[in-house]
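Structure record follows, encoded as C-alpha coordinates.
We count ligands from 1, going down the list as the structure has it; atoms in each ligand are counted the same way.
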Amino acid sequence: MSDRGKPPPTEGFSTHVVHADRRRGVEFGGVHTPIHTSVQYGFERVEDLIGVFQGTLKGGFNYARQGTPTTAALEAKLNQMEQGVGSICFATGMAGLCAIFLTLLKAGDHLVASRFVFGNTNSFLLTLADLGVEVSLVDVTQADQVAQALRPHTRMVFVETLANPGTQIPDLEAIGALCQQKGLLYVVDNTVLSPFGFRPAEVGAGLVVHSLSKIIGGHGDALGGVVTDTGRFDWSNYPNIFPAYRQGNPQAWGLQQIRKKGLRDMGGTLSSQAAHQIAVGAETLALRMARTSATAMALAEFLAQHPAVAKVHYPGLASHPQHATAKKWFHGFSWMLSFELKDEANCLTVCNRLQLPLKATGLADTRTLIIPVAHTIFWEAGPETRRSMGIADSLIRVSVGLEDAVDLQADFAQALK
Ligand SMILES: *Cc1c(COP(=O)(O)O)cnc(C)c1O
(Lines give C-alpha, C1' and ligand atoms only; values in the text may rest on other atoms or scores of the structure.)
Protein backbone atom coordinates (compact mmCIF):
# COMPACT_ATOMS: atom_id res chain seq x y z
CA MET A 1 0.00 0.00 0.00
CA SER A 2 1.38 3.38 -0.86
CA ASP A 3 2.34 5.50 2.08
CA ARG A 4 0.24 8.67 2.14
CA GLY A 5 0.57 9.78 5.75
CA LYS A 6 -2.42 9.97 8.02
CA PRO A 7 -6.05 9.92 6.88
CA PRO A 8 -7.69 13.11 5.56
CA PRO A 9 -8.53 15.87 8.03
CA THR A 10 -12.10 16.24 9.23
CA GLU A 11 -14.74 14.84 6.98
CA GLY A 12 -16.22 17.69 5.05
CA PHE A 13 -13.08 19.84 4.83
CA SER A 14 -13.92 20.89 1.29
CA THR A 15 -17.67 20.93 1.92
CA HIS A 16 -17.19 23.59 4.57
CA VAL A 17 -14.78 25.56 2.45
CA VAL A 18 -16.98 25.77 -0.64
CA HIS A 19 -20.11 26.69 1.31
CA ALA A 20 -18.52 29.15 3.74
CA ASP A 21 -19.44 32.23 1.64
CA ARG A 22 -23.13 31.37 1.47
CA ARG A 23 -23.46 30.96 5.23
CA ARG A 24 -22.77 34.67 5.54
CA GLY A 25 -25.62 35.68 3.23
CA VAL A 26 -24.41 37.12 -0.06
CA GLU A 27 -26.28 40.02 -1.71
CA PHE A 28 -28.59 39.10 -4.64
CA GLY A 29 -27.79 35.43 -4.05
CA GLY A 30 -24.32 35.81 -5.51
CA VAL A 31 -22.58 32.48 -5.02
CA HIS A 32 -19.21 34.03 -4.20
CA THR A 33 -18.56 36.89 -1.78
CA PRO A 34 -18.47 40.16 -3.75
CA ILE A 35 -15.32 42.29 -3.91
CA HIS A 36 -16.06 45.17 -1.56
CA THR A 37 -13.89 48.09 -2.59
CA SER A 38 -15.18 50.81 -0.25
CA VAL A 39 -12.52 52.34 1.95
CA GLN A 40 -15.11 54.04 4.19
CA TYR A 41 -18.14 52.41 5.78
CA GLY A 42 -20.94 54.82 6.72
CA PHE A 43 -23.88 54.57 9.12
CA GLU A 44 -27.29 56.20 9.51
CA ARG A 45 -26.87 56.46 13.27
CA VAL A 46 -23.66 57.71 14.84
CA GLU A 47 -24.19 55.21 17.66
CA ASP A 48 -23.39 52.42 15.18
CA LEU A 49 -20.19 54.16 14.09
CA ILE A 50 -19.24 54.44 17.76
CA GLY A 51 -20.15 50.78 18.22
CA VAL A 52 -17.67 49.75 15.51
CA PHE A 53 -14.91 51.84 17.10
CA GLN A 54 -15.60 50.46 20.55
CA GLY A 55 -16.02 46.87 19.36
CA THR A 56 -19.58 46.56 20.63
CA LEU A 57 -21.11 46.35 17.13
CA LYS A 58 -19.84 42.96 16.01
CA GLY A 59 -19.11 42.44 12.35
CA GLY A 60 -19.10 46.17 11.57
CA PHE A 61 -16.53 47.98 9.42
CA ASN A 62 -15.26 51.54 9.54
CA TYR A 63 -12.06 51.93 7.53
CA ALA A 64 -10.73 49.28 5.15
CA ARG A 65 -7.23 49.23 6.63
CA GLN A 66 -8.74 47.06 9.39
CA GLY A 67 -10.68 44.87 6.97
CA THR A 68 -13.61 44.74 4.57
CA PRO A 69 -16.53 42.31 4.17
CA THR A 70 -14.44 40.50 1.52
CA THR A 71 -11.38 40.04 3.73
CA ALA A 72 -13.67 39.11 6.64
CA ALA A 73 -15.27 36.35 4.53
CA LEU A 74 -11.81 34.97 3.74
CA GLU A 75 -10.85 35.17 7.42
CA ALA A 76 -13.94 33.14 8.32
CA LYS A 77 -13.12 30.54 5.66
CA LEU A 78 -9.49 30.17 6.81
CA ASN A 79 -10.51 30.13 10.45
CA GLN A 80 -12.88 27.29 9.69
CA MET A 81 -10.04 25.35 8.03
CA GLU A 82 -7.82 25.71 11.10
CA GLN A 83 -10.80 25.38 13.48
CA GLY A 84 -9.48 28.43 15.30
CA VAL A 85 -11.13 31.02 17.53
CA GLY A 86 -10.28 33.84 15.11
CA SER A 87 -8.14 34.74 12.10
CA ILE A 88 -6.71 37.97 10.66
CA CYS A 89 -5.61 38.39 7.06
CA PHE A 90 -2.60 40.43 5.94
CA ALA A 91 -1.19 41.72 2.67
CA THR A 92 1.48 38.99 2.65
CA GLY A 93 2.73 36.15 4.80
CA MET A 94 5.64 38.35 5.88
CA ALA A 95 3.22 41.06 7.03
CA GLY A 96 1.46 38.48 9.20
CA LEU A 97 4.72 37.22 10.68
CA CYS A 98 6.00 40.76 11.33
CA ALA A 99 2.70 41.64 13.03
CA ILE A 100 3.14 38.71 15.43
CA PHE A 101 6.76 39.41 16.27
CA LEU A 102 6.42 43.20 16.52
CA THR A 103 3.20 43.33 18.52
CA LEU A 104 3.82 40.47 20.94
CA LEU A 105 7.53 40.88 21.71
CA LYS A 106 9.32 43.78 23.39
CA ALA A 107 12.98 44.76 23.74
CA GLY A 108 14.48 42.51 26.42
CA ASP A 109 12.27 39.53 25.56
CA HIS A 110 13.75 36.30 24.29
CA LEU A 111 12.56 34.34 21.27
CA VAL A 112 13.57 30.77 20.42
CA ALA A 113 13.23 30.19 16.70
CA SER A 114 14.01 27.41 14.29
CA ARG A 115 17.32 27.57 12.49
CA PHE A 116 15.52 26.20 9.45
CA VAL A 117 13.20 28.97 8.34
CA PHE A 118 12.12 30.77 5.21
CA GLY A 119 14.97 33.09 4.09
CA ASN A 120 13.07 36.37 4.56
CA THR A 121 11.85 35.26 7.98
CA ASN A 122 15.45 34.53 8.93
CA SER A 123 16.39 38.01 7.69
CA PHE A 124 13.55 39.58 9.71
CA LEU A 125 14.70 37.80 12.86
CA LEU A 126 18.00 39.68 12.49
CA THR A 127 16.03 42.96 12.38
CA LEU A 128 14.17 41.87 15.49
CA ALA A 129 17.49 41.25 17.25
CA ASP A 130 18.54 44.79 16.25
CA LEU A 131 15.39 46.10 17.94
CA GLY A 132 16.46 44.51 21.22
CA VAL A 133 14.70 41.15 21.17
CA GLU A 134 17.12 38.33 21.95
CA VAL A 135 16.84 35.61 19.35
CA SER A 136 18.21 32.06 19.68
CA LEU A 137 18.23 29.97 16.51
CA VAL A 138 18.17 26.27 17.31
CA ASP A 139 17.85 22.88 15.63
CA VAL A 140 14.16 22.33 16.31
CA THR A 141 14.23 18.74 15.06
CA GLN A 142 15.51 18.11 18.63
CA ALA A 143 13.08 19.30 21.32
CA ASP A 144 15.84 19.22 23.94
CA GLN A 145 17.70 21.91 21.98
CA VAL A 146 14.65 24.12 22.39
CA ALA A 147 14.47 23.26 26.11
CA GLN A 148 18.15 24.10 26.59
CA ALA A 149 17.75 27.47 24.86
CA LEU A 150 14.95 28.65 27.18
CA ARG A 151 15.66 31.56 29.52
CA PRO A 152 13.59 33.22 32.26
CA HIS A 153 12.49 35.93 29.78
CA THR A 154 11.64 33.60 26.87
CA ARG A 155 8.18 34.48 25.55
CA MET A 156 7.77 32.61 22.30
CA VAL A 157 8.91 29.58 20.31
CA PHE A 158 8.69 29.80 16.53
CA VAL A 159 8.92 26.92 14.05
CA GLU A 160 7.90 26.04 10.48
CA THR A 161 6.10 22.73 10.03
CA LEU A 162 8.11 21.77 6.96
CA ALA A 163 11.16 23.91 6.38
CA ASN A 164 11.94 25.36 3.02
CA PRO A 165 14.14 24.23 1.28
CA GLY A 166 15.64 21.46 3.44
CA THR A 167 12.27 19.91 4.50
CA GLN A 168 13.34 19.59 8.15
CA ILE A 169 10.40 18.91 10.48
CA PRO A 170 10.47 20.10 14.11
CA ASP A 171 9.68 17.75 16.95
CA LEU A 172 6.24 19.35 16.80
CA GLU A 173 4.56 17.44 19.60
CA ALA A 174 7.40 17.59 22.16
CA ILE A 175 7.92 21.32 21.55
CA GLY A 176 4.18 21.84 22.02
CA ALA A 177 4.29 19.98 25.34
CA LEU A 178 7.31 22.03 26.43
CA CYS A 179 5.56 25.32 25.56
CA GLN A 180 2.45 24.21 27.42
CA GLN A 181 4.47 23.26 30.48
CA LYS A 182 6.39 26.57 30.51
CA GLY A 183 3.47 28.78 29.50
CA LEU A 184 5.18 29.88 26.27
CA LEU A 185 3.45 31.06 23.13
CA TYR A 186 4.01 28.42 20.40
CA VAL A 187 3.87 29.99 16.94
CA VAL A 188 3.83 27.71 13.90
CA ASP A 189 4.28 28.76 10.26
CA ASN A 190 2.23 26.08 8.50
CA THR A 191 2.54 27.51 4.97
CA VAL A 192 3.87 24.42 3.22
CA LEU A 193 1.47 21.88 4.73
CA SER A 194 -1.62 24.12 4.74
CA PRO A 195 -4.55 23.36 7.08
CA PHE A 196 -5.43 20.42 4.83
CA GLY A 197 -2.06 18.74 5.45
CA PHE A 198 -1.75 19.53 9.15
CA ARG A 199 -3.48 21.43 11.95
CA PRO A 200 -0.85 22.83 14.35
CA ALA A 201 -3.52 23.17 17.08
CA GLU A 202 -3.26 19.37 17.41
CA VAL A 203 0.26 19.77 18.83
CA GLY A 204 -0.66 22.75 21.00
CA ALA A 205 0.25 25.71 18.78
CA GLY A 206 -1.24 28.99 20.03
CA LEU A 207 -0.87 30.94 16.81
CA VAL A 208 -0.69 29.59 13.25
CA VAL A 209 0.61 31.62 10.29
CA HIS A 210 0.20 30.92 6.59
CA SER A 211 1.40 32.67 3.52
CA LEU A 212 -1.73 32.66 1.36
CA SER A 213 0.48 33.37 -1.66
CA LYS A 214 1.43 29.68 -1.78
CA ILE A 215 -0.77 26.56 -1.78
CA ILE A 216 -3.88 28.12 -0.19
CA GLY A 217 -4.38 30.70 -2.95
CA GLY A 218 -2.61 28.20 -5.14
CA HIS A 219 -2.56 29.98 -8.49
CA GLY A 220 0.41 32.30 -8.14
CA ASP A 221 -1.82 35.30 -8.82
CA ALA A 222 -2.30 36.91 -5.39
CA LEU A 223 -0.25 37.69 -2.29
CA GLY A 224 -1.68 37.28 1.20
CA GLY A 225 -1.11 36.05 4.73
CA VAL A 226 -3.17 34.94 7.70
CA VAL A 227 -2.70 34.59 11.45
CA THR A 228 -5.04 32.25 13.32
CA ASP A 229 -5.50 31.97 17.07
CA THR A 230 -6.17 28.33 17.88
CA GLY A 231 -7.53 29.10 21.36
CA ARG A 232 -4.82 26.94 22.94
CA PHE A 233 -2.85 29.77 24.53
CA ASP A 234 -3.85 31.47 27.78
CA TRP A 235 -3.39 35.19 27.07
CA SER A 236 -4.37 36.21 30.60
CA ASN A 237 -0.79 35.58 31.78
CA TYR A 238 0.99 37.06 28.76
CA PRO A 239 2.81 40.16 29.99
CA ASN A 240 2.90 42.09 26.69
CA ILE A 241 -0.83 42.65 26.20
CA PHE A 242 -1.56 46.37 26.43
CA PRO A 243 -4.19 47.38 29.03
CA ALA A 244 -6.57 48.51 26.25
CA TYR A 245 -6.75 44.93 24.93
CA ARG A 246 -7.13 43.26 28.32
CA GLN A 247 -10.90 43.61 27.89
CA GLY A 248 -13.56 40.93 27.72
CA ASN A 249 -12.81 37.26 27.13
CA PRO A 250 -9.02 36.67 27.50
CA GLN A 251 -9.23 34.26 24.56
CA ALA A 252 -9.59 37.30 22.29
CA TRP A 253 -6.79 39.45 23.75
CA GLY A 254 -3.96 38.27 21.49
CA LEU A 255 -5.87 38.79 18.24
CA GLN A 256 -7.29 42.11 19.45
CA GLN A 257 -3.76 43.39 19.88
CA ILE A 258 -2.55 41.90 16.59
CA ARG A 259 -5.48 43.48 14.70
CA LYS A 260 -5.12 46.93 16.28
CA LYS A 261 -1.33 47.17 16.46
CA GLY A 262 -0.31 44.82 13.69
CA LEU A 263 -2.97 45.58 11.08
CA ARG A 264 -4.52 48.97 11.89
CA ASP A 265 -1.28 50.68 12.99
CA MET A 266 1.23 48.92 10.74
CA GLY A 267 -1.03 48.84 7.70
CA GLY A 268 -0.09 45.56 6.00
CA THR A 269 -3.68 45.13 4.84
CA LEU A 270 -4.89 42.52 2.36
CA SER A 271 -6.81 44.06 -0.55
CA SER A 272 -10.35 42.87 -1.25
CA GLN A 273 -9.35 41.96 -4.81
CA ALA A 274 -6.59 39.65 -3.58
CA ALA A 275 -8.84 38.25 -0.83
CA HIS A 276 -11.41 37.27 -3.47
CA GLN A 277 -8.83 35.51 -5.65
CA ILE A 278 -7.43 33.66 -2.63
CA ALA A 279 -10.92 32.65 -1.46
CA VAL A 280 -11.75 31.15 -4.86
CA GLY A 281 -8.35 29.40 -5.01
CA ALA A 282 -8.81 28.00 -1.50
CA GLU A 283 -11.93 26.11 -2.57
CA THR A 284 -9.74 23.60 -4.45
CA LEU A 285 -7.06 23.33 -1.75
CA ALA A 286 -7.86 19.71 -0.92
CA LEU A 287 -7.79 18.68 -4.60
CA ARG A 288 -4.50 20.44 -5.29
CA MET A 289 -2.85 19.16 -2.10
CA ALA A 290 -3.80 15.57 -2.90
CA ARG A 291 -2.64 15.86 -6.49
CA THR A 292 0.65 17.66 -5.89
CA SER A 293 1.55 15.47 -2.90
CA ALA A 294 1.10 12.33 -5.01
CA THR A 295 3.17 13.79 -7.85
CA ALA A 296 5.90 14.98 -5.47
CA MET A 297 6.05 11.51 -3.90
CA ALA A 298 6.49 9.88 -7.31
CA LEU A 299 9.15 12.40 -8.31
CA ALA A 300 11.00 11.99 -4.99
CA GLU A 301 11.07 8.21 -5.45
CA PHE A 302 12.32 8.58 -9.01
CA LEU A 303 15.08 11.03 -8.01
CA ALA A 304 16.12 8.94 -4.99
CA GLN A 305 17.08 6.00 -7.23
CA HIS A 306 18.77 8.12 -9.92
CA PRO A 307 22.57 7.66 -10.15
CA ALA A 308 23.26 11.41 -10.67
CA VAL A 309 21.41 12.38 -7.50
CA ALA A 310 23.24 12.45 -4.16
CA LYS A 311 20.32 13.10 -1.84
CA VAL A 312 16.59 13.81 -1.93
CA HIS A 313 14.88 15.77 0.82
CA TYR A 314 11.22 14.77 1.00
CA PRO A 315 9.33 13.73 4.14
CA GLY A 316 7.46 10.98 2.29
CA LEU A 317 10.67 8.99 1.81
CA ALA A 318 11.48 6.46 4.54
CA SER A 319 15.06 7.85 4.44
CA HIS A 320 13.90 11.29 5.65
CA PRO A 321 15.14 11.83 9.24
CA GLN A 322 11.68 12.93 10.44
CA HIS A 323 9.62 10.55 8.29
CA ALA A 324 7.95 9.11 11.39
CA THR A 325 6.78 12.56 12.54
CA ALA A 326 5.45 13.34 9.07
CA LYS A 327 3.62 10.02 8.91
CA LYS A 328 2.04 10.56 12.29
CA TRP A 329 0.89 14.15 11.76
CA PHE A 330 0.71 15.06 8.08
CA HIS A 331 -1.94 14.15 5.57
CA GLY A 332 0.17 13.77 2.45
CA PHE A 333 3.78 14.90 2.42
CA SER A 334 3.36 18.14 0.49
CA TRP A 335 4.34 19.54 -2.87
CA MET A 336 7.85 20.67 -1.95
CA LEU A 337 11.03 18.68 -2.26
CA SER A 338 14.68 19.40 -2.87
CA PHE A 339 17.62 17.35 -4.10
CA GLU A 340 21.38 17.47 -4.29
CA LEU A 341 23.51 16.32 -7.19
CA LYS A 342 26.56 14.09 -6.91
CA ASP A 343 28.46 16.51 -9.14
CA GLU A 344 27.87 20.05 -7.93
CA ALA A 345 29.21 21.46 -11.23
CA ASN A 346 26.09 20.14 -13.03
CA CYS A 347 23.61 22.10 -10.94
CA LEU A 348 22.90 24.95 -13.36
CA THR A 349 23.03 22.68 -16.43
CA VAL A 350 20.39 20.38 -14.96
CA CYS A 351 18.17 23.39 -14.18
CA ASN A 352 18.57 24.73 -17.71
CA ARG A 353 17.90 21.36 -19.34
CA LEU A 354 14.55 21.00 -17.59
CA GLN A 355 11.82 21.99 -20.04
CA LEU A 356 8.60 21.93 -17.99
CA PRO A 357 9.57 23.57 -14.69
CA LEU A 358 9.97 27.31 -14.72
CA LYS A 359 13.18 28.67 -13.29
CA ALA A 360 11.56 30.88 -10.72
CA THR A 361 11.53 31.67 -7.05
CA GLY A 362 8.23 31.37 -5.21
CA LEU A 363 6.24 28.29 -4.32
CA ALA A 364 3.02 26.43 -5.02
CA ASP A 365 2.02 27.87 -8.36
CA THR A 366 -0.09 25.72 -10.69
CA ARG A 367 3.15 25.13 -12.64
CA THR A 368 6.24 23.39 -11.34
CA LEU A 369 9.00 25.80 -10.30
CA ILE A 370 12.68 25.05 -9.70
CA ILE A 371 15.46 27.12 -8.21
CA PRO A 372 19.09 26.50 -7.24
CA VAL A 373 18.84 27.92 -3.73
CA ALA A 374 22.51 28.46 -2.75
CA HIS A 375 22.98 30.78 -5.75
CA THR A 376 19.78 32.75 -5.16
CA ILE A 377 17.63 32.83 -2.02
CA PHE A 378 20.48 31.95 0.34
CA TRP A 379 23.25 33.81 -1.54
CA GLU A 380 23.09 36.83 0.80
CA ALA A 381 23.25 34.53 3.86
CA GLY A 382 26.79 33.39 2.96
CA PRO A 383 28.42 29.94 2.99
CA GLU A 384 28.63 29.56 6.76
CA THR A 385 24.92 30.17 7.35
CA ARG A 386 24.09 27.92 4.40
CA ARG A 387 26.11 25.12 5.95
CA SER A 388 24.41 25.58 9.34
CA MET A 389 21.02 25.43 7.61
CA GLY A 390 21.99 22.27 5.73
CA ILE A 391 21.92 23.91 2.29
CA ALA A 392 24.33 22.23 -0.13
CA ASP A 393 25.74 24.23 -3.07
CA SER A 394 24.04 21.87 -5.55
CA LEU A 395 20.63 21.95 -3.81
CA ILE A 396 17.72 22.38 -6.23
CA ARG A 397 14.30 23.13 -4.77
CA VAL A 398 11.26 21.83 -6.62
CA SER A 399 7.77 23.22 -6.08
CA VAL A 400 5.57 20.63 -7.74
CA GLY A 401 2.66 21.96 -9.80
CA LEU A 402 -0.36 20.40 -11.46
CA GLU A 403 1.39 18.84 -14.47
CA ASP A 404 1.01 15.10 -15.02
CA ALA A 405 3.51 13.09 -12.99
CA VAL A 406 4.67 11.04 -16.00
CA ASP A 407 5.56 14.19 -17.95
CA LEU A 408 7.52 15.68 -15.07
CA GLN A 409 9.36 12.43 -14.50
CA ALA A 410 10.29 12.14 -18.16
CA ASP A 411 11.57 15.72 -18.12
CA PHE A 412 13.75 15.13 -15.03
CA ALA A 413 15.02 11.90 -16.60
CA GLN A 414 16.25 13.69 -19.76
CA ALA A 415 17.71 16.60 -17.77
CA LEU A 416 19.74 14.31 -15.50
CA LYS A 417 21.01 12.03 -18.25
C1 LIG B 1 6.45 32.41 1.30
C2 LIG B 1 6.58 32.13 2.73
C3 LIG B 1 6.43 33.16 3.66
C4 LIG B 1 6.17 34.58 3.27
O5 LIG B 1 4.99 34.71 2.58
P6 LIG B 1 4.71 35.90 1.53
O7 LIG B 1 3.26 35.79 1.27
O8 LIG B 1 5.55 35.63 0.33
O9 LIG B 1 5.11 37.16 2.22
C10 LIG B 1 6.54 32.83 5.00
N11 LIG B 1 6.80 31.57 5.40
C12 LIG B 1 6.96 30.57 4.52
C13 LIG B 1 7.23 29.19 5.02
C14 LIG B 1 6.86 30.81 3.15
O15 LIG B 1 7.03 29.80 2.28
Side-chain angles (χ1 to χ4, degrees), residues 71 74-75 78 82 87-102 113-128 137 140 158-170 172 187-198 200 205 207-228 262-263 266-271 273-275 277-279 281-282 285 288-289 292 296 313 315 330 333-338 360-365 369-371 373 376-378 381 389 391 397-401:
T71 58
L74 178 62
E75 285 170 354
L78 298 166
E82 283 290 355
S87 294
I88 303 176
C89 282
F90 290 88
T92 63
M94 286 316 301
L97 282 164
C98 289
I100 291 176
F101 294 133
L102 290 174
S114 169
R115 217 165 70 200
F116 314 111
V117 291
F118 183 61
N120 303 152
T121 304
N122 184 68
S123 169
F124 183 75
L125 293 177
L126 302 178
T127 307
L128 204 60
L137 300 178
V140 293
F158 173 75
V159 303
E160 291 181 3
T161 36
L162 184 59
N164 156 21
T167 74
Q168 296 91 345
I169 300 168
L172 293 161
V187 181
V188 176
D189 181 333
N190 193 36
T191 296
V192 177
L193 264 300
S194 88
F196 178 80
F198 176 57
L207 293 177
V208 181
V209 194
H210 290 102
S211 166
L212 303 173
S213 325
K214 312 293 170 58
I215 194 73
I216 294 181
H219 292 72
D221 63 349
L223 290 161
V226 67
V227 175
T228 298
L263 188 64
M266 295 180 190
T269 306
L270 181 67
S271 74
Q273 285 85 351
Q277 276 161 290
I278 292 163
L285 174 62
R288 289 179 289 101
M289 276 295 285
T292 52
H313 304 275
F330 301 166
F333 298 110
S334 98
W335 40 268
M336 186 179 71
L337 61 96
S338 59
T361 190
L363 294 163
D365 203 304
L369 311 174
I370 51 152
I371 188 163
V373 287
T376 54
I377 302 167
F378 289 94
M389 295 177 85
I391 294 165
R397 182 182 78 189
V398 186
S399 167
V400 174

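A donor-acceptor pair is defined here as one N or O able to donate and one able to accept, closer than 3.5 Å; such a pair exists between the side chain of N190 and the backbone of F198. At distances below 3.5 Å, at least one donor-acceptor pair connects side-chain atoms of E75 with backbone N or O atoms of C89. Between the side chain of R397 and the main chain of V373, no donor-acceptor pair closer than 3.5 Å is present. Judged by distance alone, with hydrogens and angles left aside, the side-chain atoms of S399 form a donor-acceptor pair with the main-chain N or O of A364 at under 3.5 Å.
Using a heavy-atom distance under 4.0 Å as the criterion, the protein contacts of ligand 1 are T92, G93, M94, L97, F118, E160, D189, T191, S211, S213, K214, G224, L363.
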| said: Let's go through F116 and T167 carefully: what are the C-alpha distance in whole Å and the side-chain angles of both, what is the deciding distance for side chain to side chain contact (heavy atoms under 4.5 Å, CB included) to 0.1 Å, and is it a yes or a no? | reply: CA-CA 9 Å; F116 314 111; T167 74; over 6 Å; no
Donor-acceptor contacts under 3.5 Å from residues 118-125 side chains, at least two apart:
none

